[in-house]
Enquirer: 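Questions regarding the structure given below will be posed in turn.
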Amino acid sequence: MTQNLQIELTGVDKHYGGFHALKDINLSIPNGSFVALVGPSGCGKSTLLRSIAGLESITGGVMKITDEVVNDMPPRRRDVAMVFQSYALYPHMKVIDNLTYSLRLKKTPKAQARKMAEEVAATIGLETLLDRYPRELSGGQRQRVAMGRAIVRRPKVFLFDEPLSNLDASLRVHMRKEIRALHDRLGATSVYVTHDQIEAMTMADHVVVLRAGVIEQQGAPLDLYDRPASKFVAGFIGSPAMNFIPGRTNGDGTSVDLALDGQPTLRLGRPAAANQDVIVGLRPEHLSMASTGDNNFAVRVGVIESTGSTTYVGAGDRNDITVVLSDRRNISVGDRVQLAIDPDKVHLFDPITEAAL
Amino acid sequence: MRRIKSSIVDGVGFDLLLVGIPLVFLILFSGLPLLYNVLMSFQEVDLFSLGDVFRPFVGLDNYRALLAQPEFWPIMWNTVIFVTCSIGGQFLLGFALAVFFNTGFRGSTFIRGLFLVSWVMPGLVVGATWNWILAGDFGVLNYILDSLGLISKNIFWRSDIDYSLWAVVITNIWLGTAFNMILLSVGLAGIPKDLYEAASLDGATAFQQFWTITVPMMRSTTGAVICLGLIFTLQQFDLFAAITSGGPANSSNVAQYWAWELSFRQYDFARGAAISTIMIAFVMIASVFYVRSTRHEVRG
Ligand SMILES: Nc1ncnc2c1ncn2[C@@H]1O[C@H](COP(=O)(O)OP(=O)(O)OP(=O)(O)O)[C@@H](O)[C@H]1O
Ligand SMILES: [Mg+2]
């Protein structure tokens, strides 16, 4: 089973002087999987990725790539390729020379290197740009060259550090699919850093949520969505973000009172501890507008934003309860509406530890 | 007049004004003397016609006379050696130091700053200091070379015709290295760090990174540094005056020092001007290369 593991991190620590940037990271990445590292800015995503690449040295723990301890191995011997956020194309080389750089270092015969680069260029649509310099390319084209430069080496592992963050929204959606398709075609192992949870959810097999240097939770994307381990993960995964409302469980633990006007009560799918202060998490897309039915509570509509296909409603005293509606409703600001939710979709979190209950 | 006024009021033509002011200065204080010098090299000049602009025209006579002097070719050859070895030494040492300080160890910026001291000192002071270092019987340089076992008897750097030129070359390298280092440091600092990271992931050793990233990325800086070095080296006069006075027997004489000797020692202003004109031609050729090299700018 272990030979199936491409990257294995055990108790990895990273200190920058007195600053503890990565704390006890345990992560196993199977061969051929696509892993996304997500988290807010400054949580250590890039640091972790660069540690895998060997660009940062780790200060504790064991890091293995294909069963080989690489703690002290220089980047050039790790056989990993990285796509930088800045692309880091060699500005003094034409596209073709950027692509063949690693091959030339390996003393691949010139004609063969050129052929390999041309093949890669064809798969990612760079054929016509081979004789240009990076400064003569658009952002999207540069991004492709950076990918091509990684692909041409056929490395064990691909590392991506927010490769799409400099592209416009529509190109980002397009490249996201393309990168995933490329990953599948090459059968590669990829680690992908992003602060955009949608990218992580749509591209990855396995999502790792980092917070302040600690792995908060990891798992399949839908697992994180369905069973967030903490309020942080619950708020981070899913868009728009989960609504959090303070509340208190009732005497038998099967329902919870929300701290809203009129103390509405919601039934719970699973019983919880009785008489306990909690934070109730309700996903905007799980709330529906139903005037009747059970398990609902009344709120005042404060904001209505419609994109045509979807309507976002901000409700509650501070308009901080978001509801996503996929159909158009005849509501207006100031209305009081009933919001209903399936008891199984009510999340509870401890107000102090923020852990899921 | 309207133009000037509007350029002040609303910036129209302000660019012309910006270019114009330095241009006037250049023409006045560099261009005219330069032309005057070229003109003089084709005239017959003596102490009595010194103040005139129009003097008897003698064609290439001054140049012919210069060429006929037996010391002409040796001095030209000395100039070539002085210039190439000074620039080469300054550049290589400066580059090595710049790369060294670019690693950014603790205190590197401070120590790098200290190096500038050599460049701040007047050439005559540097020359006088180096006279002590180079001194034949008690000089530090001989002592070091002797201790290292490189020489068996003292070298009289300043008075031995085999070494006098090298005495000035060594001093000039010391003088110019810091300047080279600072300019090259700026160039090195401008190379994005992630290029080296990308190269190291692509499999490049430190040595390969240097040759495939650093050197090509430094092309335009190198062109500028060498070109400036050429100009400074061709202007280097103080060190000759302080260390060897071009001697002994012209063994360390170079074009710029010879021009001064001819003009202000022998009062043969025409020949002095002729040498200067030859030097102008060389600098112009170098400038063409310089401009071409900056045109190949690859950054951005
Ligand atoms: N060279 C360094 N020296 C000291 N601290 C550093 C260094 N590099 C990063 N850090 C710190 O480590 C933490 C993690 O940085 P990192 O770059 O990994 O964040 P990130 O998750 O990639 O953030 P972003 O999404 O903004 O790129 C940050 O708090 C940062 O200040
Ligand atoms: Mg980052």
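To find a chain, count down the sequence lines: A is the first, B the second, and so on, and within it residues start at 1. Keep in mind the model is a prediction, meaning the values are calculated, not measured.
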Enquirer: Which bit of A:Leu105 is near chain B, if near means a heavy-atom gap under 4.5 Å: side chain, backbone, both or neither?
Expert: both
Enquirer: With a 4.5 angstrom heavy-atom cut-off, could you sort out which part of A:Leu159 is near chain B: side chain, backbone, both or neither?
Expert: neither
Enquirer: If you count heavy-atom pairs under 4.5 Å with chain B, which of A:Ala88, A:Ala81, A:Pro155, A:Ala146 comes out on top?
Expert: A:Ala88
Enquirer: For B:Phe105, is the CZ atom crowded, meaning more than 12 foreign heavy atoms sit under 6.0 Å from it?
Expert: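 Atom CZ in B:Phe105 is packed in, count exceeds 12.
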Enquirer: Counting only N and O atoms by type, is there a donor-acceptor contact under 3.5 Å from the side chain of A:Asn166 to the main-chain atoms of A:Gln85?
Expert: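 Side chain of A:Asn166 to backbone of A:Gln85, a donor-acceptor pair under 3.5 Å: yes, one is there.
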Enquirer: With a 4.5 angstrom heavy-atom cut-off, could you sort out which part of A:Arg50 is near chain B: side chain, backbone, both or neither?
Expert: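 It is the side chain, since no backbone atom gets that close.
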Enquirer: Taking only residues two or more places apart in sequence or in another chain, which ones pass side chain to side chain contact (heavy atoms under 4.5 Å, CB included) with A:Asp196?
Expert: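 Expected list: A:Thr194, A:Ile198, A:Glu199.
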Enquirer: Please indicate whether A:Tyr16 has more than 12 foreign heavy atoms, meaning atoms of other residues, nucleotides or ligands, lying under 6.0 Å from its OH.
Expert: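 Yes.
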Enquirer: Suppose the criterion is side-chain hydrogen bond (donor to acceptor under 3.5 Å, both in side chains): which pairs have a residue in residues 79-92 of chain B, not counting sequence neighbours?
Expert: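 Listed by first then second residue: B:Ser86-B:Asn172.
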Enquirer: If I measure from the heavy atoms of chain B, does A:Tyr90 come under 4.5 Å with its side chain, its backbone, both, or neither?
Expert: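 For A:Tyr90, backbone and side chain are both near chain B.
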